[in-house]
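Take a look at the structure below.
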Amino acid sequence: MAGIIPSRRVRGTPFSAGVQAANPKAYTVYNHMLLPTYFASYQEDYHHLKKYVQVWDVSVERQVSVKGPDAANLMNMISPRDMNNMAGDQCYYMPICDDNGGMLNDPVTIKLAEDHYWLSIADGDLLQFLLGLAIGKNFEVEIFEPDVSPLAIQGPKAEELTARVFGDTVRNIKFFRYKKLQFLDKEFIVARSGWSKQGGFEIYVDGTEYGMPLWDAFFEAGKDLNVRAGCPNLIERIEGGLLSFGSDMTRQNTPVEAGLAKFCNSPNEYLGKALIEKQKREGPDRIIRPISIDGSDDLPHNANGWKVLSNDKQVGLIASATWSPDFQTNVAIGMIDRTHWNPGTILNVDTGADNRSAVVQEKFWI
Ligand code: THG
């Protein structure tokens with residue numbers, strides 16, 4: 001396949017020089033920005049991620065900064081999550097919906113102050129939605145994309161590596177909490193979070209000019225830890241059930257359908273609440289399920305989603321699927337109709353190239 005030409009629209013990142021030197025084999029575009037998809041191979045990267053530590057340029061997780069006297073009012077309007085008890089050092093995984101409960105994004109929201117939040121967004125132009133709400137509601141709030149780029153340190157050696165760069169205090173950061181820690185002359189938010197189940201941190205690099213110095217510091221400090229450049233790994237994130245907005249669920253789905261009902265507990269009249277509460281009471285028509293698919297390491301590439309069939313009738317869709325070396329099965333994330341979502345249900349998957357038997361699983365693999 002041909003390459004991707006960077007431009008002002010298809011943006012590079014503060015770490016692009018480091019990423020390019022590490023020679024990624026492919027990129028995707030996410031929030032109008034380059035995101036590598038693998039370096040050695042999906043499987044090589046996966047084994048390395050589970051054993052050592054990787055530095056991920058996840059600048060594509062752009063921040064939408066919401067700041068001002070009405071920041072909390074806007075957040076209450078869009079947040080299905082109850083933010084009343086959100087601590088000053090906390091991060092919340094948070095679905096965001098339109099007025100019909102259709103998902104528009106699933107950011108990690110960081111509380112910087114009572115009147116200041118960062119929404120670390122998945123792929124989608126969430127900024128424009130918030131701007132429209134703020135203008136329509138006459139909210140006194142500033143909404144903008146700051147020059148902030150997350151750098152993720154992931155893997156079993158992530159704590160050791162991050163401690164070498166930011167000090168031993170990183171060891172005391174709890175899951176989805178952050179501390180402000182110094183690098184060079186500036187303090188950065190360092191959170192225990194990241195889009196893998198291997199553990200690690202995300203540094204919100206505030207200022208492009210700090211990007212490469214921090215990148216280089218991690219590689220210098222991590223030589224003996226076998227540190228490598230990496231990126232979110234398709235195999236590991238399917239095993240772990242980490243959802244990709246736009247693929248596994250879209251605006252056609254509610255957070256309840258995405259399996260995110262536990263993050264919808266706000267007492268406020270937030271957007272989409274009516275349908276979300278109804279689905280919580282009565283159950284949704286479909287839901288995200290882990291699916292195992294027959295065969296060996298021979299699945300075709302899944303670009304547009306595969307139909308899930310039962311007796312030739314469509315009962316679901318699979319947007320993410322791949323071979324799992326550790327579990328020796330094809331692992332997948334499917335959106336499956338209520339009639340066929342019970343664990344143990346045997347289904348058929350039309351991959352375009354062939355038809356395969358598949359089984360609904362009880363839980364994700366890791
Ligand atoms: N980190 C940051 N921003 C992001 C992502 C991230 N923006 C885009 C994308 N990822 C948003 N999607 C997710 C999906 C899952 C999680 C985080 C972001 C996640 N989930 C935990 C899990 O499922 O185990 C639990 C979260 C919780 O309990 O609160 O981590 O990765 N900055």
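Whatever order the structure lists ligands and atoms in, that order sets their numbers, starting from 1. Just the heavy atoms: all of them, side chains too, but no hydrogens, waters or symmetry mates, feed the values below.
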Next on the checklist: Restricting to non-hydrogen atoms, name the atom on Ser196 and the atom on Gln154 that form the minimum distance, rounded to 0.1 Å.
Outcome noted: OG-OE1, 2.8 Å
Item to check | Ligand-residue contact atoms, ligand 1 with Asp106, heavy atoms, under 4.0 Å | outcome: 11 (C), 12 (N)
Checklist entry - Counting only heavy atoms, which portion of Ile121 has something under 4.0 Å from ligand 1: side chain, backbone, both, or neither? => result backbone
Next on the checklist: Side chain, backbone, both or neither: which applies to Trp118 and ligand 1 if a contact is any heavy-atom pair less than 4.0 Å apart?
Outcome noted: neither
Checklist entry - Does some side-chain heavy atom of Tyr178 sit less than 4.5 Å from a side-chain heavy atom of Val190? => result no
Checklist entry - Is any side-chain heavy atom of Phe245 closer than 4.5 Å to a side-chain heavy atom of Ile121? => result no
Checklist entry - Which protein non-hydrogen atom lies closest to atom 2 (C) of ligand 1, naming both residue and atom, and how far is it? => result Glu61 OE1, 3.1 Å
Checklist entry - What part of Phe176 sits under 4.0 Å from ligand 1 if we count only heavy atoms: the side chain, the backbone, both or neither? => result side chain
Checklist entry - Judged by non-hydrogen atoms, does Tyr30 sit under 4.0 Å from ligand 1? => result yes
Checklist outcome for this item: Separation between CG (Leu119) and CD1 (Ile96), nearest 0.5 Å, reads 5.0 Å
Checklist entry - Tyr46 pairs by side chain to side chain donor-acceptor pair (under 3.5 Å) with which of Thr322, Asp326, Asn233? => result Asp326
Next on the checklist: For atom 1 (N) of ligand 1, what is the closest protein heavy atom, and at what distance to 0.1 Å?
Outcome noted: Glu202 OE2, 2.9 Å
Checklist entry - Starting from atom 27 (C) of ligand 1, which protein heavy atom do you reach first, and at what distance in Å? => result Phe263 CZ, 3.9 Å
Item to check | Phe188 atom CZ, over 12 foreign heavy atoms within 6.0 Å | outcome: yes
Next on the checklist: Just to be sure I read this right, does ligand 1 sit under 4.0 Å from the backbone of Ser120, its side chain, both, or neither, counting only heavy atoms?
Outcome noted: both
Checklist entry - Ion pair present between Glu282 and Lys278, side-chain N to carboxylate O less than 4.0 angstrom? => result yes
Next on the checklist: Measuring from non-hydrogen atoms of Phe245 to any atom of ligand 1, is the shortest distance under 4.0 Å?
Outcome noted: no
Checklist entry - Which of the atoms in ligand 1, numbered in the order shown and given with their element, are less than 4.0 Å from a heavy-atom of Lys197? => result 22 (C), 23 (O), 24 (O)
Checklist outcome for this item: Checking heavy-atom distances from atom 15 (C) of ligand 1 to each of Phe364, Tyr93, Tyr204, the winner is Tyr93
Item to check | Structural part of Leu242 in contact with ligand 1, heavy atom criterion under 4.0 angstrom | outcome: side chain
Next on the checklist: Could you measure the distance from the OH atom of Tyr204 to the CD1 atom of Ile110? Nearest 0.5 Å is fine.
Outcome noted: 3.0 Å
Item to check | Enumerated ligand 1 atoms positioned under 4.0 Å from heavy atoms of Val108 | outcome: 1 (N), 2 (C), 3 (N), 17 (C), 18 (C)
Checklist entry - Parallel, tilted or perpendicular for Tyr42 and Tyr38, by the 30°/60° rule? => result tilted
Next on the checklist: My understanding is that only one of His340, Gln252, Glu257 makes a side chain to side chain donor-acceptor pair (under 3.5 Å) with Arg286; could you say which?
Outcome noted: Glu257
Item to check | Enumerated ligand 1 atoms positioned under 4.0 Å from heavy atoms of Ala122 | outcome: 7 (N), 8 (C)
